[in-house]
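Each remark here refers to the structure printed beneath this line.
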Amino acid sequence: MSLSRVFLGWNRPALDAAVDYLAGQSAAPDAFDFQGVVVAVSAARAGRRLLEILVQRAHAAGRMLVPPEIVTVGRLPELLYTAKRPFAGELVQQLAWVEALRRADPVQLAPLLPHPPEPDDLAGWLALGEMLGRLHRELAAEALDFKAVVDAGSRLQGFVEENRWAALLAVQRSYLEILDQLGLWDLQTARLFAIRQGECAIDRRILLVGTVDLNRAARMMLDQVEERVTALVFAPPELADRFDDHGCLDALAWQNVPIAIETDQIEVVDGPSDQAAAAVRAVCALDGQYSADEITIGVPDARIVPHLQQQFRQCDVAARYGVGASVARSAPYRFLAAVAEYLDQRRFSAFAALMRHPAVGEWLARTAPAIDGDWLSELDRYHADHLPLSVGGAWLGSPEHYALIRQVYERIEALLQDALADSHEDSSTPRHSERSEESGLARPFASLGVTGRGASAETARMVRSLGEWGAGIAGLLVAVFGGRPLDRSDPADRSVLAACEKIRGALALHEHVPGKLAPIVSAAAAIRLLLRALAGETIAPPADPGAIELLGWLELPWDDAPVLVVTGMNEGIVPASCNEDLFLPNQLRRELGLLDNDQRLARDVYSLALLAASRRRLRVIAGRRSPEGDPLVPSRLLFATDPATAARRALAFFRADEAAAAHVVSRGALRPGRARSTFEPPRPEPLDAPVRDMRVTEFREFLACPYRYYLRRRLGLEGLADDAEELDGGLFGTLAHEALGEFGRGDAASSTDPERIAAALDAALDEQVRRLFGRRPLAAILVQVEQIRARLHRFAHWQADRAAAGWRIERVEAGPEPERAQLLVDDEPMYLHGRIDRIDLHEATGRRTILDYKTSDSAQDPNKAHRTAAGEWIDLQLPLYRHLLAGMGIKGPVELGYILLPKDLGKIDLALAPWTEADLAEADAVAEDVIRRVRRGDFWPPTDVPPAFSEDFAAICHDGQFGDLDAAETDSDDEGDAP
Amino acid sequence: MSPLGAAPFPNVVIRASAGTGKTFQLSNRFLGLAVRGEPLDAILATTFTRKAAGEILDRILVRLADAALDDQKRAELGRLLGLTDLDRADCLAVLGRILGHLHRLRVGTLDHFFIQMARSFSLELGLPPGWQILDELDDRRLQAEAVGEMLEGHATGDTLRLMHLLTKGDVTRSVSQQLLQLVRGLYAVHVECPAEAWTALPRAKSPEPRAIEAARAVVAAAALPGKQFNDAREKDLAKFDTQQWEAFLQNGLAAKIADGSGVYRSKPIPEAAAEAYEVLVAHARAHVLGAIANQTAATGELLARFDRIYTRRKLARRGLRFDDVTRRLGDALPRERLDRVVYRLDANVAHLLLDEFQDTSAPQWRVLRPFARRLTADSPRASFFCVGDTKQAIYGWRGGVAEIFDAISDELTGLDSRELVRSFRSAPPVIDAVNRVFGSIGANPALAGHADAARRWAGRFATHATARTDLPGHVALRGAPRAEQPPKQGELTLQHAADRALAWRGEAPGATVGILARTNKSVARLIFELRRRGVEASEEGGNPLVDAPAVELILSALSLADHPGDTAARFHVSKSPLGEALGLARHDDDAAAWQIARQIRAQLMSDGFGPTLYDWARRLADECDSRDVGRLVQLIELAYHRDEAPPARIDDFIAMVRQRKVEDPSSAPVRVMTVHQAKGLEFDVVILPELDVKLFGQPPQLVVDRASPAEPIHRVCRYVAQKTRALLPAPFAELFVRYESQVVGESLCVLYVAMTRAAHALEMIVAPSKENEKTLPATLAGVLRAALGPGGPVGPETTLFETGDRQGVRRAKAEIAKPALVAPAEAPPALRLAPAPDRPRRGLDRRSPSRLEGGPKVELAFRMRLDTAALDRGTLLHAWFERIAWLDDGEPDEAALRRIGERLGAPPDAMDAHLASFRAALARPAVRAVLQRAQYEGPDAIGPAAVRPGVRQPRLRVWRERPFAVLDEGAILGGTIDRLVVLHDGDKAIGANVLDFKTDAIPPGDSAALAARTDVYRPQLSAYRRAVSAMFALPADRVSARLVFVEPGAVVEA
Ligand code: SF4
């Protein structure tokens, strides 16, 4: 009548019972011989653990083991029939769906897909392909096609989607046709065909171990070989009527079943780290009675895993999450991702990211001729000076500043060239060349090849059929990661190896895509497709018998550790539910017999009941807040008890204070060493050598904050970054100053013709731009240059008037020879240096004006810039210029002032300082005081609120404790005055 | 459930003043519906924050559970729900029903509901499958990238033109930052604006150039009365000639013509001149209006350009913002039938419960409205319930449109309106103060310039009462100390507030204190000042972790890894315990920095941020106090979290830490936040230190107008200064008046929200008056002074108003209510485990012999061979060899072989070639021999020598593809053996031979290649031997293994 069911009870772990059963089945006296047995388990880890137990049993008993074939239930069907055709892999299926969608009549498709992706949006199309594939698989697993949905819908009240399903049905037919033409099958079709033909057969015995939710297709197949099938059910025989003929759960029978968990086994805490802490506490509470390998932590919500790993690590206990880390975290994956970014347009930022991949550095240092110097800093400085958009054009600046990075760049280019451009010739796989002209995908996606402009930009422009990139990509990895043999026992090597093998597997699938479906893509696009396919894959961590295991919810019933702590027992996770769906809302699922909310609940109730019955120690933890901060509620399962107890639990779990009180975080092994932190900025140390000279611009910084002055000027510290997207105040000023300086030295300097002056400034500016930023600067810089130009043009008018009024530019960017200008303080000279932007002489009167260009957006006159409202000196630059003049041998009275070049063109003008001799004497006195303090090394303490120039020192000075107090855009212009 | 009666649920709008129990009302409604048996998934209850949503559900369940367990509470609930006969069984049953439907409850945020809808309509909304809501930081990055792309994609001249229009002619330094700021600020406007709105401002036509020229000549020559007139004309013309249009229109004779008076210095302007002036004024006006129109249109153009790129990037990332979802739904829903929505959401929405309705934005209401309309029309089977308070509408800038609340009664039919004014939160003095301030708000002299806003606000306010007459309370309005320098006054006021908080901590240690500021900047400053005073304070919503020096230190080490040349970072690290740990002693040691940077990058790549940072934190903990450690722990948590999807650059991680706000877990008794963040919270003591801000503060960039509150924007205009507004057409000029009034109204809402947060005590601090103060300032401080103060200027450190019982508050809050939550001194629990067993019991390593080839060192090049054809061929040949038990019994038949080939996917055209090569292999003598019994029998029999003596005729047993699994050095060695021949003496195994087929392409006779491959395979074969010897309990020397290289036809002992 049907397959046989064996009820093995649930008062001990299911696997133990299963092994005992198996052992009893082995005929041979001296061996556990399961030669003719297939064991189907519902989860992969259960299969591995089952074998582990069998091997250990056999070993302990001194018996030979002929292991059964252990498969997950998902793989079982393929043992039961012989497929007539090769299977289409996942990628091929997706591409076939895409092709089917694209072949469809847009009008007919509209109810399904009113906004199709752009024709060249391969990723967008594939996402749709993936989605339809999933839908198709889910239905086919229940032996249904899209037609069945249309039929079921007609029975359903409120079903309003006939057109949509009709469109889907058409696409599905087309999909199957496409595969058919290619001589391929998808797995689901093959199974359904076998079922229909009654072809299922097997000459071995099948043992189903706890497969409580077989899909309909699997059940139909098993029915055809039922006399060979035994289902082991882990529940007491009394509950037999809660299971169907296949040993599967009868969903309705499990709906309102109490679960034997006491309230004090349940803990409801706040956030994810609190859940982890509660799990740690639960293990602590075992008080050393169990070893790590007897403890399992359940993680239905994988987002808790990092928190658990962190907290157990802090207690020096290893916690192993068997699922492992995503391939996307591995070095090879990230290398390829960086390469794809770089190949796209050879952006400087992509180059900078690629260069920071550790494997690249290692490769450069290892491969002859080795390059091993600090090319990163050179790269950063190059960026800071030239803000390049991309690499590969002309190099800017002087060659010694880019020697190293140029070498590095050329090596990288050669590497890519060798691997991606040349590899092709060797691999002469014939089937790729016969890529047919009528291919649906080939044409439109060709535009995915994006052009670049590097030395080997052909690689970027080159497009090929997807599979043809495989060898090149593999070769790239071999070149970079395979320079030395990899050591399996080294964790880093192990991960590289594992990732490379996954990549190899995915590349092999690319190669298997039939020519008619293979899209034609650039190397970058091929890599992205590869990475996309791998993103969901994981690399299992190495075995660790001394670790506490972290297991997902579906694995838990098939684990045998005596102690179990389950975290994440929250609604939506256990059980998961379907509350909205693009295609299959719950109602329709129920109608079609698909996995619906009732079935999910049944499965989870059964699992928890099984766990509660079979573990020696069980603790259940739920959170009230997800890692993303969303409120969570405890699982319905935790209220599966008598009404009064449920009410008491509700009160306990949902009362807000309770959750707050549980917020106490167990801090693991990180313990504060003291009552008050001792962090403070490092005290200034005595200077290596006495300070003999100072720049006139330094004084402002000292006055603003002696400590930050010390860091910047005395220690010469600077930040270095490569994230600038446009000219900062410094570079903007430099550019304007350079142009103005050039003008001041040229013939136009004395002109009274604004047009001529403007022309000279234009020429000077353009020259500087070319020198600093090359022929194709960032667009933002081009605009900024125009902003400077507008200011300079307005300046030209001012300058013409000035010249007409009899002022002549006497000198530009002038300063004294070293040790010629000084301030005598306490009988010791302090040499001053600096460059004066410009000295004007009035021909008729012999008056002189000492001028500084100011290019910051806001126009601040000299007095505001130098003194506070209360008259305190905060800058001494202009007053100290007097001493520079003396050192240059220029005597006589001078006026001091700024030429303001702010954003408001109307304010471009001269601004003279109003100071009297007495004021200037006061300024000198302040300068002397600064000099004395500098000599004494009196740089402490830092000021509270950080001054504008000190962003680089924010970390050292703990500016962060002010929050974003100093977030104001700094608009300083220390042009031409870098330390 | 029906016996409990099917009382109708009226459609209501409840205006609930602060503290009057909005949540309570909402939970009543929900419970009422649940108790009367309404399907739970037909009740949709939404609010705005996730926290509030969580609280509503908690409230519902706790009240029901309470009622189930406690007779008195049940009676109370019954009374509130109008069900006098509510019994315990009913309560338990309803509770059971709710707990059993936790997955179907729709109590959540509006955004969540919208996302749910949008997910089930992704394709209809043009969204990519699997889209997600963008993380805020990712979103910001996308915006920056979009601005970059926008710049790169347009000609410089084009961008310049836009920039000049946007900056009103200024030539600013920054371009990308400037644009980014602009689009960030205005994107919300853009998405609600159809394109026409940007060009709604009409342009005036300028007179003909010849007419202008003529008019100018007339003006210049006109005879005018007196010198003043002549001087004014000169100036006017100068401005006209230099194109200073606005100045021209605002001064002199032109101004008088422009405003229509025609009278200057009480003398009429002569008619001929006036007529000519009209022409010039018209020209100037056309210019000014044109400029405004251009700037507005340019802004629209810029935003549209940005939006195209930004949207494309979002979709490519499959990321959306909440407002994208809302907008797309709002656009699509009118097209979609509600029944389709209902179908995909799997439940009808029969009862809508909306919380904080005043914060609903126009786009949100557009989505909700179809539901609301349907439900109100379908009464009593359906119901509509909304609760809110327009006095607390402080999110206007974010798109909340309080006016919808006022307009809702017109939109929906049959709504009951109720008003709640009895507070369950505040003590009488607080409520009195609120009444004094807002009861007279319409006549408040500080609002003299904003009479319209004041009047409208007064209309919303009804006198408050309190149920908490038992609570002691205290309210004070004080002047802060006077700052020496005027710009420092704000800072000093904040410092004073910190002092006041310190004082309250001393007087009433059991009280929670909330300091509510207006800006984030002030919040940071307050935190700093409080910490400086030794008061632990936490910021609502949290701060970036860099407020802890230990975190900064770790970030410096990370900076160093990404930028070895960053000497500031080097210095920071070298002077810390990390310097020692990492091996960086001096900041100027370039070589060391380079090495360390490489090392850290490699470690981050292999271990991830979490473990690396934890390592470092361990080194720092000794220098840390509990707060620092707390922040480090959070940093590590963040790092582990980030490791799940590691950033492309270390810099990205650093930027993330610098930006992400993380709440300090030590919930300190003093909490600092902006008033906006305080919404929904209450404190025993509330201190308001930032009241001296203008009622109408920073002008916005744009002002917008809607036909009705829920409609999209139909007019936009860039902000125009007061003086120029007169030039605008009337609807636009009114727009500004309305806008100002709205902003001022919102300022008053902020004050209302701030004051009503207080349960016991409210302390408001204002700056002392400026010396030259003549009138009340148009600030919140001015409003308070007028309503509460004695009048006249405020002196430093004076009390302007005080009421209530300060001692009473002290007494009531003398005790520390709850012990501090985090006890830093408490040692964490020690984690003890039983010792591990001698032999591992689980998690055994898996080894498979085939993976052992080449030994422990692996040549990647070998592993990465993509030669799939070769591998397929190997599989095929293995499958064919499996068919052969003994060749002596004949070769496998062709048809069977072909079937196998087909099953394995061998291309039909290649089958013949493969078969031929299989047959050729079988023909090779060495290969042939190993498949024949004679090998094991005759005098030249191969196999373990030890087998031979004593046994004349061993029994042979052959296995093909023999699976095995044995314990081997603490691991499980498992796999399959291609061919295993075991020699038996009777039943006893006496020897065994392993055969492994290899299809490597080795040229016949190339013995070096053969030897090399043999070396590679040796570890694999020796593993087979170990396995076989374990399985059959055979001594090692009784098991031999041979490699069968089918290609050259060589068999090698291995
Ligand atoms: S501002 Fe105009 S007129 Fe003056 S120099 Fe520049 S382009 Fe010539």
Side-chain angles (χ1 to χ4, degrees), chain A residues 55 59 64 67 86 115 127 131 160 284 288 291 293 306 310 315 353 358 374 377 474 478 482 485-486 492 508 543 545-546 571 577 580 585-586 631 636 639 643 647 650-651 654 672-673 677-679 682 717 719-720 725-726 732 779-780 782-783 786-787 790 903 952 955-956 958 960-961 963, chain B residues 54 58 61 65 68 92 99 102-103 116 120 126 129 151-152 156 159 170-173 175-176 345-346 524 546-547 549 552 556 563 565-568 572 575 594 601-602 605-606 622-626 628-629 640 829 831-832 834 836 840 842-843 845 857-858 860-861 864 868 905 965 967 1031:
Chain A
V55 169
H59 187 84
M64 177 166 76
H115 312 280
M131 180 186 78
V160 285
C284 285
S291 60
D293 68 351
Q310 175 202 349
C315 300
D374 182 356
S377 295
V478 170
L486 297 172
E571 193 53 43
S577 13
E580 89 273 331
N586 197 53
R636 271 175 282 163
F639 300 102
L651 213 50
F654 288 99
S677 280
T678 51
F679 291 106
L717 303 185
L720 194 56
E725 290 159 338
E726 61 179 5
F732 188 83
L782 288 175
V783 178
E786 292 315 307
Q787 306 284 60
K903 64 176 180 184
D952 287 351
I956 300 176
H958 304 174
Q961 57 187 330
Chain B
D58 287 0
L61 286 161
L92 284 175
L99 291 174
L102 285 174
H103 63 307
Q116 222 183 356
S120 55
L151 276 167
E152 293 298 336
T156 306
T159 312
D170 280 352
V171 289
T172 52
R173 168 179 56 83
V175 175
S176 45
L345 290 181
D346 235 330
V546 287
D547 62 2
E552 281 279 25
S556 281
H563 304 283
D566 182 338
T567 47
H572 193 202
K575 297 285 174 196
W594 170 241
R601 285 203 310 277
M605 181 64 73
S606 65
D622 258 357
E623 313 282 321
C624 292
D625 58 19
S626 62
D628 265 332
V629 163
Y640 267 95
L831 205 164
R832 283 198 305 128
R842 78 167 179 192
D845 198 9
K857 300 274 185 180
V858 184
L860 191 60
M864 292 299 283
T868 47
L967 264 186
M1031 281 187 295

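Residue numbers begin at 1 in each chain, while the letters A, B, ... track the order of the sequences.
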Next on the checklist: With a 4.5 angstrom heavy-atom cut-off, is it the side chain or the backbone of B:S606 that approaches chain A, or both, or neither?
Outcome noted: side chain
Checklist entry - In terms of heavy-atom proximity below 4.5 Å to chain A, should B:A965 be classed as side chain, backbone, both, or neither? => result both
Checklist entry - Given the options A:D293, A:V478, A:D952, which has more heavy-atom pairs under 4.5 Å with chain B than any of the others? => result A:D293
Checklist outcome for this item: Note: vs chain B, highest number of non-hydrogen pairs under 4.5 angstrom among A:P86, A:P682, A:G482 is A:P682
Item to check | Atom of A:P672, atom of B:D625 and distance for their closest heavy-atom approach | outcome: CB-C, 3.5 Å
Checklist entry - If you tally heavy-atom pairs under 4.5 Å against chain B, which of A:A650, A:P585, A:A543, A:A779 wins? => result A:P585
Next on the checklist: Quick check: closest heavy atoms across A:P306 and B:Y640, and the distance to 0.1 Å?
Outcome noted: O-CD2, 3.7 Å
Checklist entry - Would you say the side-chain atoms of A:E571 pair up with the backbone N or O of B:L102, donor to acceptor, closer than 3.5 Å? => result no
Item to check | Contact class of B:T172 relative to chain A, heavy atoms under 4.5 angstrom | outcome: both
Next on the checklist: Quick check on the interface: out of A:E580, A:H59, A:M131, who has the most heavy-atom pairs with chain B under 4.5 Å?
Outcome noted: A:E580
Checklist outcome for this item: Taking every heavy atom of B:L92 against every heavy atom of A:P643, the minimum-distance pair comes out as CD2-O, 3.6 Å
Checklist entry - Who among B:E552, B:R832, B:H563 has the most heavy-atom pairs with chain A under 4.5 Å? => result B:H563
Checklist outcome for this item: Taking every heavy atom of B:A568 against every heavy atom of A:G719, the minimum-distance pair comes out as CB-N, 4.2 Å
Next on the checklist: Looking at every non-hydrogen atom in both residues, tell me the closest pair between B:H103 and A:S577 and how far apart they are.
Outcome noted: CB-OG, 3.3 Å
Next on the checklist: Treating A:Q787 as the side-chain partner and B:R173 as the backbone partner, does any N or O pair qualify as donor plus acceptor under 3.5 Å?
Outcome noted: no
Checklist entry - Using a cut-off of under 4.5 Å for heavy-atom pairs, which of B:A602, B:A65, B:G843 has the most such pairs with chain A? => result B:G843
Checklist entry - At their closest point, which heavy atom of B:S176 faces which heavy atom of A:E726, and how far apart are they? => result N-OE1, 2.5 Å
Item to check | chain B interface, residue from A:A353, A:A492, A:P67 that has the most non-hydrogen pairs under 4.5 Å | outcome: A:P67
